Visitor: 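Before we start, here is the structure in question, set down as structure tokens.
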Amino acid sequence: MFDNKSFDSKYNPFDFEQKIYDFWENNDVFKVEINKEKKKFVIPMPPPNVTGVLHMGHALQDSIQDLYIRYKKMKGYNVFWIPGKDHAGIATQNVVEKMLKKEGVTKEKLGREKFLEKVWEVVDKHKNHIEKQKRYLGDSCDWSKEKFTLDTDMSKAVIHAFVELYNRGYIFKGKYIVNWCPRCGTALSDEEVESKEEKSNLWYIKYPIVGENDYIIVATTRPETMLGDTAVAVNPADERYKKYIGKKALLPLVNRQIPIIQDGYVDPSFGTGAVKITPAHDPNDYEVAKRHDLPLVYVIDSKGFMTNDLPSHFANLERYQCREKVVMQLKEEGLLIKVEEYTHAVGYCSRCDTAIEPMLSDQWFVKLKELSLEARKYVENGTIKIHPSRWEKIYFDWIDNLKDWCISRQLWWGHRIPVYYCDECNEIIVSEENVEKCPKCKSSKIHQDEDVLDTWFSSWLWPFSTLGWPNKTDMLDYYYPTDLLVSGYDILFFWVIKMIIAGSTFLNKPPFYDIYLTPLIRDKFGRKMSKSLGNGIDPLDIVKQYGADALRFTLIYLSTDGQDINLDPLKFEMGRNFANKLWNAFRFAYPYIEQVEISEDEMKTNNLTNDFDLYDKWIFSKLNQLLKQLDHYYDNYKIQFIAQYIYNFIWHDFCDWYIESCKPFLFGSDIKLKTRKSKMLKYLIISILKIIHPLMPFISEKLYQSISSNNGKILANEKYPEYDEKSIDEKIMEDFSFIENLITNIRTIKAELNLHTNKDLTFFVKTDDENERSLIIQEIMIIKSLSQISHIDFIEKEPSAKFSTSVVKNSSIFLIIEGLVDIEKEIERLKKEISKINDIKEKLETKVKSKDFIGKAKPEIIERTKKELLEYKAKIEKLEDKLRIIEK
RNA sequence: GGGUGAUUAGCUCAGAUGGUCAGAGCACAUGCUUCACAUGCAUGGGGUCACUGGUUCAAAUCCAGUAUCACCCACCA
């Protein structure tokens, strides 16, 4: 299936990416199996909405998760990336309701059972959609292990969790003012409400005092709710209103007499200091009403319309229309004193963007606060680490301010609440099994609670329900706790915290040890990506345009600790160009590496080092240094550095310097040298493919499969290279940097004197440093080749002819330019360089002259600074000497 | 009202414990169709590290304050 000849062609990821994925699957590369001999590494995949489509956030999170899964697998771990999907209660129900609406049907018309059939139909159709998309990204999941939050076993876990919490006293039913979405027709948790700043008004309304020619003025942001007022409240300490307390106000428009009461909740400095109390439609007012035993008057129904028992001109109006009408009529009656512009926060349903209506209703709650103590400790004592760590503070803030969690939803799509009511004796039965008979009165007139559970009530169990909990399975035993959770920080509160609470509550263990919170992806202007703005970038479009490897690499490269990613699609060019670079490096090396074999033994660093020259030793040092750094960055979740360091190594160290240094040998006639360089190339290419594989799995596997001696071996199953501290040789790297500087200096002189193309130049070197001299002699062929000159000769004295010059460490290089270029140009160039170095020199000088510095800085810093100063001084001296000579 | 983050080259952003940290990519300029790559190679220009104080021998980095921006949380009607 792999055409080796394709290396005559350009990098074209579309030719092979999906073939490679099939290749992995056909070879069971992703297969998950318990193996107690091996250490495990588990990531529970945040389950995407079953009817959803892949967005950039998924692409980023999956790239990171796959990065770790593939890396750990190559490091010898038995990995499990638990795949799954979420039934997403409200979201999915909304999708289906919208579809039905197009057909002119409502869910009420269909009835619960038929409606659910319809939802399942839609879900089944969508079911594999996201999974397919994730295959394009290269996600290394065992898809046969996929779970769905409404699967039978998952449902059992949910029901079990509910019953257990109920029995332990952490679940209760109660009448409270909850966030109600009139469009979705259900209660929501606090987290599902998004508050938005909104410009509105503060209306000041006169409420006449009964039996007196006086009135009290209240201020409100929601005039329509006045129809449901049952009191006016003032602060007990407010002198202005003392005289009204105990009296009654006549509620305008409906002419109801309501008491004027005092309550500490009222802030005298806000508005008029007098508050209308609408207990049925405001959480604070409700609390006030409870304290004062006030009646509740409902005026808004569950659809957001006014109730029909109101005066006819208000009855059945939509709430905002009613507001206008109320304001109008108040104006007509002269009761509206003033209207003030006022900005305040209004809650919106995060699913459908409808304004939330606080509603009094019967709902089920979880006492989260009491359950969260252990969860707090996990992070406190480092059992769970959050990366980046600043989120830990935010985690504590949240956990310390948890409120009761409203878990009942007035929906049909979801896990039905396992609570049964006896119609005869009103007994409440909470049971994991279906209840047919009342255990108390034996009646069979039983009905189950109509509501379903919040989606998050199933997903908070995800890290263990997917492993078989509440059964004691081998999976659970082996894989739990999982190791890493990768998620956008936006659901830290919805989900991550709740999972930790669930883990501690049901299993007495954390659900995972590390949490990596990814940045959010925004458009290039920093705006959220959304359908309505049309500024979303579809990851699959990027895959089609640049390839999955480019997408993955770029996203990881951009995933920094600091902030959200403002994504310009052009950035993917970087990943694509890099993949192209790798492809072409391979293309170059291919014929050579095909001609040599390297044994397993030789593959071990130590055994390749025998005949190494400077470049070999240097690239080896760099490779091992890279491996060491990568391990560190993987361990510390500094993933942008993983991409960055690999990029620099492959592009600059390997391609720009090592491969270029090999060319004279590869093109030369010395078979022995050619063979050694070929072996080196083979070794390095194979190492590079392994290193890059977790980031760019497709191209690396494709190239790996193209090496004929790898027949049968699959890169995804290979072992990751381990670094060897002994191979990191500082002296070698210093020597190399001398040669590198020498070459760069020659190139610079050539470029600045417009001699780019002139290859027939002789450079002279004057040095009294023996090490540098011998390095030059040793590497002369490569120096000439990389700097494109014809000769290098040593001299004892500065040349007598006019020259261009540069200082490299302890050596000086010269190019005779008399007759070649304008001398003035060289003088200018030299002066510029001298002044540059002089600036640095002066800085160092003042430092070294400072008594404080000498007295207080660490000795090694002083020493280093002094040494630097000497170097710069010497360099300047040399350059100035030369300047004098030329200027003569 | 509380909190978090940001402010570094024309643009987008890195800068781990204060001293080789002033960087990358893109853009720009010059020269290269050199035998892997023009999705490329070589060379270069470009920054008072938001501002003001402070700590320190030494600050982009630590502290305090100011300004601007972004996000999160919060029942003041």
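These numbers come from a predicted model, not from an experiment. We name chains A, B, ... by the order of the sequence lines, and we start the count at 1 in each one. What you see below is based on every heavy atom in this structure, not just the backbone, and it leaves out hydrogens, waters and symmetry mates.
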Visitor: Between A:Trp398 and B:U4, is there a side-chain N or O to OP1/OP2 distance below 4.0 Å?
Guide: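 Answer no for this pair, as no side-chain N or O of A:Trp398 is under 4.0 Å from OP1 or OP2.
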Visitor: Just call it for A:Asp568: base, sugar-phosphate, or nothing, with non-hydrogen atoms closer than 4.0 Å on any strand.
Guide: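 The residue A:Asp568 makes no contact with any strand.
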Visitor: For B:C32, take OP1 and OP2 only and decide whether either is under 4.0 Å from a side-chain N or O of A:Lys750.
Guide: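 Negative; the distance criterion is not met.
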Visitor: Can you work out whether A:Ala585 or A:Asn754 has the more 5'-proximal nearest nucleotide on RNA chain B?
Guide: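 In this pair, the answer is A:Asn754.
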Visitor: Are any of A:Asn401's side-chain N or O atoms less than 4.0 Å away from OP1 or OP2 of B:C73?
Guide: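 For B:C73, neither OP1 nor OP2 has a side-chain N or O of A:Asn401 closer than 4.0 Å.
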Visitor: Roughly how many Å is it from CG in A:Leu558 to C1' in B:C26, rounded to a whole number?
Guide: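 Whole-Å distance recorded here is 12 Å.
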Visitor: Taking the six-membered ring where the residue is Trp, are the ring centres of A:Phe588 and A:Tyr592 under 6.0 Å apart?
Guide: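 Yes: the rings meet the under 6.0 Å criterion.
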Visitor: Could you state the atom-to-atom distance from CG of A:Leu786 to P of B:C35 in whole Å?
Guide: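 The answer, rounded to whole Å, is 16 Å.
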Visitor: Check every strand shown and say whether A:Gly264 touches a base, only sugar-phosphate, or nothing at a heavy-atom separation below 4.0 Å.
Guide: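 No contact.
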Visitor: Measuring centre to centre across the rings, with the benzene-like ring taken for any Trp, is A:Tyr207 within less than 6.0 Å of A:Tyr241?
Guide: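 Ring centres of A:Tyr241 and A:Tyr207 not closer than 6.0 Å.
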Visitor: Looking across every strand, which nucleic acid part, if any, lies under 4.0 Å from A:Gln640 by heavy atom: base, sugar-phosphate, or nothing?
Guide: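 Sugar-phosphate, backbone atoms only, no base.
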Visitor: How would you label the contact of A:Glu287 with the nucleic acid (heavy atoms, under 4.0 Å): base, sugar-phosphate, or nothing?
Guide: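 The residue A:Glu287 makes no contact with any strand.
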Visitor: Could you tell me whether the phosphate oxygens of B:A77, OP1 or OP2, come under 4.0 Å of any side-chain nitrogen or oxygen in A:Tyr342?
Guide: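 So the side-chain polar atoms of A:Tyr342 do come within 4.0 Å of the phosphate oxygens OP1 or OP2 of B:A77, strictly under.
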Visitor: In whole Å, what is the span from the CZ atom of A:Phe586 to the C1' atom of B:G40?
Guide: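 Going from CZ in A:Phe586 over to C1' in B:G40 covers 20 Å.
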Visitor: For A:Glu192 and A:Ser189, run side-chain hydrogen bond (donor to acceptor under 3.5 Å, both in side chains): C-alpha distance rounded to whole Å, both residues' side-chain angles, the deciding distance at 0.1 Å, then the answer.
Guide: CA-CA 5 Å; A:Glu192 287 167 307; A:Ser189 66; 3.1 Å; yes
Visitor: Taking any heavy-atom pair under 4.0 Å as a contact, classify A:Glu860: base, sugar-phosphate, or nothing.
Guide: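 No contact at all - A:Glu860 keeps every heavy atom at 4.0 Å or more from the nucleic acid.
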Visitor: By the 4.0 Å heavy-atom rule, please label A:Trp203 as base, sugar-phosphate, or nothing.
Guide: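 Here A:Trp203 touches no strand at all.
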Visitor: Rounded off to whole Å, could you give me the CG-to-P distance for the A:Asp523 and B:C13 pair?
Guide: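 So the two atoms are 11 Å apart, to the nearest Å.
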Visitor: Separation of A:Tyr645 atom OH from B:A24 atom P, in whole Å?
Guide: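 Value for this atom pair: 13 Å.
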Visitor: Record whether the side chain of A:Lys10 comes under 3.5 Å of the base of B:A36 through a donor-acceptor pair of N or O atoms.
Guide: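 There is none.
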Visitor: Nearest-nucleotide wise, let me know which of A:Ile394 and A:Tyr265 is further upstream toward the 5' end of RNA chain B.
Guide: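 The residue whose closest nucleotide sits nearer the 5' end is A:Ile394.
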Visitor: Using a cut-off of 4.0 Å on non-hydrogen atoms, how would the nucleic acid contact of A:Thr744 be classed: base, sugar-phosphate, or nothing?
Guide: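 Sugar-phosphate only.
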Visitor: What contact category does A:Arg222 fall into here, base, sugar-phosphate, or nothing, at under 4.0 angstrom with non-hydrogen atoms?
Guide: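 Nothing, no nucleic acid heavy atom in range.
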Visitor: At under 4.0 Å between heavy atoms, what does A:Glu573 touch on the DNA or RNA strands: base, sugar-phosphate, or nothing?
Guide: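 If one applies the 4.0 Å heavy-atom cut-off, A:Glu573 turns out to touch nothing in the nucleic acid.
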Visitor: Could you state the atom-to-atom distance from CG of A:Leu570 to P of B:U12 in whole Å?
Guide: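 Result: 14 Å.
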Visitor: Have a look at A:Lys393 and say if it touches a base, only the backbone sugar-phosphate, or nothing, with a 4.0 Å heavy-atom cut-off.
Guide: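 Sugar-phosphate contact only.
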Visitor: Output yes when at least one side-chain N/O atom of A:Asn584 is less than 4.0 Å from OP1 or OP2 of B:G40, else no.
Guide: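 Answer is no, no contact under 4.0 Å.
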Visitor: Under 4.0 Å between a side-chain N/O of A:Thr757 and OP1 or OP2 of B:C32, yes or no?
Guide: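 For B:C32, OP1/OP2 do not have a side-chain N/O of A:Thr757 under 4.0 Å.
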Visitor: Rounded to whole Å, please give me the gap between CZ in A:Phe578 and P in B:A24.
Guide: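 It works out to 17 Å between those atoms.
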Visitor: Is it true that the NZ or CZ of A:Lys841 lies under 6.0 Å from the centre of A:Tyr872's six-membered ring and within 45 degrees of the ring axis?
Guide: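 Judged by the rule (NZ or CZ under 6.0 Å from the ring centre, within 45° of its axis), A:Lys841 is not positioned above A:Tyr872.
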Visitor: Any base atoms under 4.0 Å from A:Val218, or only sugar-phosphate, or nothing? Heavy atoms, all strands.
Guide: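 It contacts nothing in the nucleic acid.
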Visitor: Which part of the nucleic acid does A:Asn636 contact within heavy-atom distance under 4.0 Å: base, sugar-phosphate only, or nothing?
Guide: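 A:Asn636: no heavy atom of the nucleic acid under 4.0 Å.
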Visitor: Classify the ring geometry of A:Tyr342 against A:His344: parallel below 30°, tilted from 30° to 60°, perpendicular beyond 60°.
Guide: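 The arrangement is tilted - the two ring planes meet at 30° to 60°.
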Visitor: I need the CG-C1' distance between A:Asn235 and B:A77, as an integer number of Å.
Guide: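 So the two atoms are 13 Å apart, to the nearest Å.
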Visitor: Indicate whether OP1 or OP2 belonging to B:C13 is found under 4.0 Å from a side-chain N or O atom of A:Lys571.
Guide: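 Indeed not, no polar side-chain atom of A:Lys571 lies that close.
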Visitor: So, does A:Arg390 get its side chain near the phosphate of B:U4, meaning an N or O under 4.0 Å from OP1 or OP2?
Guide: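 For B:U4, neither OP1 nor OP2 has a side-chain N or O of A:Arg390 closer than 4.0 Å.
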Visitor: Check the side chains of A:His281 and A:Asp285 for a donor-acceptor pair under 3.5 angstrom, ignoring hydrogens and angles.
Guide: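 Distance-only check fails for A:Asp285 and A:His281.
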Visitor: Check this one for me: any side-chain N or O of A:Thr278 less than 4.0 Å away from OP1 or OP2 of B:A77?
Guide: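 A:Thr278 to B:A77 OP1/OP2: no side-chain N or O under 4.0 Å.
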Visitor: Pick the C1' atom in B:U52 and in B:A9, then give their distance to the nearest Å.
Guide: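 Going atom to atom, C1' in each nucleotide, I get 24 Å.
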Visitor: Does the plane of the ring in A:Tyr647 sit parallel, tilted or perpendicular to the ring in A:Phe553? Use 30° and 60° as the thresholds.
Guide: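 It falls in the parallel class, under 30°.
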Visitor: Quick one: label A:Arg747 by what it contacts on the DNA or RNA (base, sugar-phosphate, nothing), any heavy atom closer than 4.0 Å.
Guide: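 Sugar-phosphate, backbone atoms only, no base.
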